[in-house]
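Remarks on the structure that follows.
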Amino acid sequence: MMKAGTERQETEPTRPLADRWMSADALEIRIDLPGVRREDVRLTLEGRELLLEAEPAELAGELVGERRLPRRYRRLFTLPESTDPERAHARMSEGVLRLTIPTAEGVGTQTIPIDEE
Amino acid sequence: MREEGVKETRDRMCGRGVLDEFREAFGDLFEQVRRTVPAALEFPQSELRKVERGYRVVFALPGVRRADIELVIDDGTLVLTGERRPAAPRRTMGRVRRERPSGRFRRAVRLREPVDRARVSARLEDGLLTVELPRPEETETREISIEEGEV
């Protein structure tokens, strides 16, 4: 029989998983934040450092077995020189945060796109 | 022959079950994920909760569409199968730095308590799939009064 889990607050926030790539005109970042709504996300920009903090809504009911879903997320992204963090925008849907950080004007004059295998 | 021997040793070391299904589904990505994030060995991560009406299983499925999920109850086991599509487009400038698992997945949850199959429901919201597993309603015991009949 499984024992009841503990509901204590985690001390260490979880580092969420992210995918990153460059599009023709921006740096694209996708971050997994299951259970997180738009209002639960906090993005703080300090120079080139983008801090992401998020807290999903509490789940109802008594936990049985292990707690596997993080209660707090935190991750710091260092944005490359070629991007303009001031023009960054974010969109939250389906538990995924979509960050778009446009390429700075006049940077990277021409790059040839390479297909990913 | 040689290949099989290697696989057998690996199976003994890692244990069979969900882990193997995961490995089959994700192939090389499995190795990659294990190296970078040990907590992501299982995709999707899930939690079991006891609620007033029965049990509730919550699966973390960020970025997975409803149409890409199948949920069945088979012989006392709740089976979730589906696919998560990669987020990055085919054409990018340079390589994609990937951490999030993609591809087909399968999770099976053995139901130890009786469940009212007819009332099982699920909803997908904010990247969480919540499956409600209500316990069967108590069969009402009703006393039937026996009237004394006239003969």
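We name chains A, B, ... by the order of the sequence lines, and we start the count at 1 in each one.
- Using a 4.5 Å cut-off between heavy atoms, Arg53(B) makes no contact with chain A at all.
- No donor-acceptor distance shorter than 3.5 angstrom exists from the side chain of Arg87(A) to the backbone of Pro102(A), with no hydrogens or angles considered.
- In this structure, Arg97(B) does not pair ionically with Glu99(B), as no charged nitrogen and carboxylate oxygen lie closer than 4.0 Å.
- By number of non-hydrogen pairs under 4.5 angstrom with chain B, the leading residue of Gly95(A), Ser93(A), Ala18(A) is Ala18(A).
- Ion pairing between Arg42(A) and Glu53(A) holds under the 4.0 Å rule for side-chain N and carboxylate O.
- Put simply, the side chain of Arg65(B) never gets that close to the backbone of Gly63(B): no donor and acceptor are under 3.5 Å apart.
- Contact annotation for Pro16(A): only backbone heavy atoms (N, CA, C, O) come within less than 4.5 Å of a heavy atom of chain B.
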